[in-house]
Each structure stands twice: as structure tokens, then as C-alpha cells.
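Okay, structure first, notes after.
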Number of protein chains: 2
Amino acid sequence: MSTSRGARQLTIKEVASHAGVSPMTVSRTLAGGRNVRPDLQERVMAAVQELGYYRNENARSLRPGQPSGLVGVAITNLANPYYGNFALGVEEVAAEHGRRIMLGNSGEDDARERQLVSDFIGRQVDGLILVPTSGEAEHLRPERLGDVPLVLASRRVPGLEVDTVLLDDVGGAYRGTVSLLDAGHTRIGFLGNRSSVFTGERRYRGYEQAMAERGLVVDPLIVARAQQDVAAASRAARAMLDLEDAPTAIFSANNRNTIGALREIGRRIREGLPGPAVVSFDDFELSELMPVPVTIIDHDARLLGREAATLLFSRLDGSAEGAPRTVELPVTIEHP
Amino acid sequence: MSTSRGARQLTIKEVASHAGVSPMTVSRTLAGGRNVRPDLQERVMAAVQELGYYRNENARSLRPGQPSGLVGVAITNLANPYYGNFALGVEEVAAEHGRRIMLGNSGEDDARERQLVSDFIGRQVDGLILVPTSGEAEHLRPERLGDVPLVLASRRVPGLEVDTVLLDDVGGAYRGTVSLLDAGHTRIGFLGNRSSVFTGERRYRGYEQAMAERGLVVDPLIVARAQQDVAAASRAARAMLDLEDAPTAIFSANNRNTIGALREIGRRIREGLPGPAVVSFDDFELSELMPVPVTIIDHDARLLGREAATLLFSRLDGSAEGAPRTVELPVTIEHP
DNA sequence: CTGTTAGCGCATTCAA
DNA sequence: TTGAATGCGCTAACAG
């Protein structure tokens, strides 16, 4: 038998005595076996197997300079499939580098993000990847982070110069809006994040710019920039479409707003009301089956995650040094 | 100034000398301040602030019996929004209990799951929450896990008696199939996971049972049980619908298969071909806007995650002991 | 209420 | 090639 019950955890000492060697031989064997006789290695591995021993990674990384192999990841909304894919991309690259991720959901809440970051640091993460909330970023300043590298994804934080992966928000929003203008629309509603959210601001800028170029003034009545979730987005779309002078097209700046808008549009169509054309920043599944034409400003959240992780590991592996870099990933416009 | 750069990490010693107290006073203060004079506490907290000190949680949990505050979570496919929501549910409850989650994606791969679990244990997790892959479960047996509590979600592992959260797969699939039969369909295709996947088997059973009750024999030609992703599901749906004797309705046993099937169905409808009715186990966004009627067998992935975490913490907090429990969450049928 | 001592599991020294 | 001593950061247990 080989049960390992008992409150006390198994240590290299037990493995050592079981294998008839010193703890150091066990340690060396587990570290790759350099300078250990093959037969001793086998004895050690056999003992490890038999006892069901797991090396204590925490104790291991206690020594200063030793990496913990952990990466802290904080995202704003895991319920959004977009961020699920982002997290997957990060996890994949981390796994390829033998690292594990600790995942926290900030829910767009500053205080929560601050908690997460300090917890991550307390757990000795080798690096941080954040989709930052938009508030104060006191806790992300280099003095607070010590030498823990930070990579921002999707959004920048004002005044914080660190490695960042962004999308071409302005260009994508611009091109998406232009496609509506080219189709003859002049009254185009906007649904998006509040302007303090980095992407919210950038995507609005692209929209506004396209409108301005055609000499169109944006009507505040058909601009809604406060919705974080699907239900709120639905309500905002409804208010806009119920107007006397309703928009004939809607630019939606993100996935959550798009779903909300389409839900409302679907409801209207079932009631025999007309549905506006939609341009959506962010893809979603089955967009091709919608009852109104939906143009997608598409990008790959998983790739965004992979890029963020790649940036981080290039710092950790020492293969990149010097000034912070920004990677801006392109977006593609997909017509219905 | 108060920079904390430098390779060496900040310790309670530095905080102690900065505050003019002993390390123990710092430790006690950080632990809640019991039996420490208020003025000393203030001095300590000031020093912590000023130096930007973070307590080393790894060193802290080195002592046997001390919880690490970490929960290991392994899921099979983060790209599936369903599991994103599941992870969110787990994260929420963990956060409510002051715990952090380490997240790994197994990708339905046994070996990967095994790696994840041993890594988690090596990092001293207080507990594990798994959506198990379907292969060998050697590495999940109690002897291997020592005293780390395990909760399974969504799927059971044969021969492994542990706390488990399931859905009413059989009942849901049965009721969903019945709704198709009641609508007059007799030739109903099945798309699902391979039978070695727990839910794949259970949902097939519900389907088969409903068919049998009406005296219908399942035709293997319109049963496809190998697709893991959307593209494969699309191909399987296509093959089925291209048959001379194509099904008039499709039962899809999970989200990925539903999306794939609908993609194919949408393509056919655009070509003027008829589209079969669909019943989907798992909800997806905008299902109400599909070009064919889609009945949803709905359930709450986030709640599943919350239940799994709740089960785990009830073990950790000692509020539950004894025999493994199984919670089976109900599903609801939503007609189009 | 405060400080000193000791040891958690492991790996980097150094000595054999 | 192997082993013994030492210390990583922190906190029980024990003095004071």
C-alpha cells in the first residue's frame, strides 16, 4: 500500500529516507538530475511515485530571486465571452512557458482591482496582465509594483507607461461608421461605454470622426454611453429607437451593447416595426443569422491574450528590455 | 521618497525597523492587531504604506496546516462561453471567501488535466474544482490527492465518490426531445459529445429514452457523437441534412454543437433549403432571433460554478463533513 | 502587550 | 557525485 493520508504533508525528507538517500539528492533529482547517479535517480523517482509526493512550489519559490511561476490576470468581466477568450489566450501562452495563471474578475470596480493586484503581488506573481478599470491607477504605478512587470490589455491607463496590447479602436470604429455612411445612413446612433473607459473613448472618437468628415453633427439624443451590461444596452437602444426621429442605423461599440441592441431590435421586428442596420465592434456567434444586416468589426480576443502574455514573458525571459512597447492589433471589417 | 525598487523583496523586518518595533509586532498587526497597542499599530501601518510592503503569502502558508487561500480550477474549454460563466461563478464565491483561483484549461486532454492537478497541489491549493475530462482518473483518487478536497462539476468520474454538482442532463434531454415529438417530428437527429463524456452519455440517454417511449428506433445515420468544436459540428450537421432521408429536427446536446448546427442551417436557408427545428441543451445569446425555432434546455453555468465553490468551502470551513454529496441542478425548457 | 526562539520545505552554498 | 549546514519570510509557542 502507499496511502499518504495524514495531516502532515509529505516532504523531500520522507522521500529521501524512503529512497535511502539524502534530501539533497531528492532535490537534485527533481530539479532535473544533473550530477546524480542514474540508479539513485531511479530510486528517488520510485519513492516519489510510491508515496505520491508533490514538491512544494511555495517553499521552493520562497528563496529570493526564484520565480513563482505564477502570473496574475485581472479582467473586467468574465461573463463576456470576449474576455473568456482573452483569458484562454493568456492561459495558453502561460502554459507553454510552464506558468500558471491566477485569475480575478474586477467587474469594472477599482477597489476590487486594487485588492486583486495586492493579493497577486503578495502571492509572488512573476508578472501581471490586466484589463484595467478606468479609475485611479495609483496602485499600478511602478513604485507600488516594485519589479513586477505589468502588461495592460485592451486599455491604456493615463500616465502609465508600460507594455500594452491594444486594438485599432479608432480606425475600426471609423471604418465601421464609414460603411454605414456609404450605405446612405446619416442618422446613426451610438451605443458604448462611458468615456472614462479607454476603449469607449477611442471608439467614440472613430465614430465621431467619420461623421464629421461627412459634415454630420452627432446628435446627443442618439448617443448612449453608460451601459455596461446587456439589459442596460437594450433599454438604451429602445429609448433611441422610440424617438420621433429614430436612427436608421446603430453603431455599437462593444459586444454587450450589440447583444442588447439586437435583442431590442428583434423584439421590434417581431412587432412589425422596422429594424435599423447595425455595426458592431466585437464579433459574436451567429451574427450572420440576425434579422437585420450586422457588420462586424472583428478581432481576435484570444490573440489579444496571447500577445499580452508574449509581451510579458519577453520581459521575464530577459529577451526584451528597455522602453515600454505598444502593440496595436488590427481589426477587420466583415460585411454581412 | 518611498521607492521600493531593488531586486531584494521587502520583508517584515524592514517594516519593523522602519516602524521601530519587532517583526512580531508587524506580523500581529497585519494579522488583525489583536494584543497590539493602537499607537504601535498605526506606526506599523504607516510604515507599510510608506514602504509599499506586501506580505508574502507563500511564506505565510509554508507552515503546515496554514491554508494557502488558493483554489485550483480546471475546466475543459474556456473558449466556450458556458465555461467562462462557470469560472465566473467559482471566482465570485471564492472571492467572497477571501480565496483566489488558479485557472487551467485542460482542453479535454487527460494528460493536461493531470499536469494541472499536480501543479495545483504543488502550489498548496486548499481545494480543487474540476470539470473532469473523461479519461483515466488515476490522478484524482483520494490516495493521490491526500487531504485536498475535490469537487467535480458538470460531470462525474466513474468510481470516484466525491462532492459533485451536476445538471439534470437526462431529464432535460428527455423533455427537450419530447417537445419535438409532440410537435410531430419523428425523425430527429442527435448531435453531441462522444459517449465517454459523462454529459454526452447522459444527454443521449434522455434523447433515446424519449424516442423509445414513442416506439421510435434511433437511426445511427443521424446520430453524430464526436464533435468537440463548432466547425466539426457544422460538418456533422451538414452530412446529416444532406441525406436523402434527412431529419426534420435536430437535438443538440451542447452549446458548441448548437452553434455549429445553426451555422449550417443558416447557410441552407440562405440557399433556399429547408431548415430543421432545433432543440439545444445549453442556452446561447440571441437564440430568439434564429431563422428556425430553437427550443432551449436552459441552465445557469454561473450558478453551477457558485454551487461547486459553495460545496468546496463548506468542506474547507468544516461546516460539512461525511459522505460525498451530489447536487443536481434543474434545467428549464424554453420554447421559442 | 512585546520580543526572542525556532522551524515550516526547499535549494544554494560549501565541504567531503 | 553526495551530503551538511544555512537561510529564504513568516508566525506559533514561549519568555519577559
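Numbers restart at 1 for each chain; the letters A, B, ... are given by sequence-line order, proteins then strands. Computed from a predicted structure; not experimentally measured.
If you check C/dC8, D/dG3, D/dT2 against the side chain of A/Arg37, the one that comes closest is D/dT2.
For the ring-ring contact (aromatic ring centres under 6.0 Å, His included) test, residues two or more places apart in sequence or in another chain that qualify with B/Phe313 are B/His97. For A/Arg156, there are no salt bridge (Lys or Arg N to Asp or Glu O under 4.0 Å) partners at least two apart in sequence or on another chain. Every residue was checked against the salt bridge (Lys or Arg N to Asp or Glu O under 4.0 Å) condition with B/Glu113, not counting sequence neighbours, and none meets it. Listed by chain and residue number, nothing satisfies the salt bridge (Lys or Arg N to Asp or Glu O under 4.0 Å) test with B/Glu161 (two or more places apart in sequence, or in another chain). Judged as a salt bridge (Lys or Arg N to Asp or Glu O under 4.0 Å), and not counting sequence neighbours, the contacts of B/Asp126 are B/Arg99.
A salt bridge links B/Arg306 with B/Glu92: the closest approach of a Lys/Arg side-chain nitrogen to an acidic carboxylate oxygen falls below 4.0 angstrom.
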Go along nucleotides 10-16 of chain C 5' to 3' and tag each nucleotide: B for a protein heavy atom under 4.0 Å from its base, S when only backbone or sugar atoms are that close, - otherwise. BBB----
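If you measure from atom CG of A/Leu62 to atom P of D/dC8, you get 9 Å, rounded to the nearest angstrom. Here C/dG9 presents its P atom at 15 Å from CG of A/Leu51, a figure rounded to the nearest Å.
For the helix from C/dC1-D/dG16 to C/dA16-D/dT1, the axis fitted to the five pairs at one end and the axis fitted to the five pairs at the other end meet at an angle of 40° (nearest 10 degrees).
Residues in residues 106-162 of chain A take part in no ring pair (Phe, Tyr, Trp, His ring centres under 6.0 Å) pair, two or more places apart or across chains. Within the structure, the salt bridge (Lys or Arg N to Asp or Glu O under 4.0 Å) test picks out no pair touching residues 63-88 of chain B (sequence neighbours left out).
Residue B/Thr25 places none of its side-chain N or O atoms closer than 4.0 Å to OP1 or OP2 of C/dC1. Taking 4.0 angstrom as the limit, A/Ser61 places none of its side-chain polar atoms (N or O) nearer than this to OP1 or OP2 of D/dC8.
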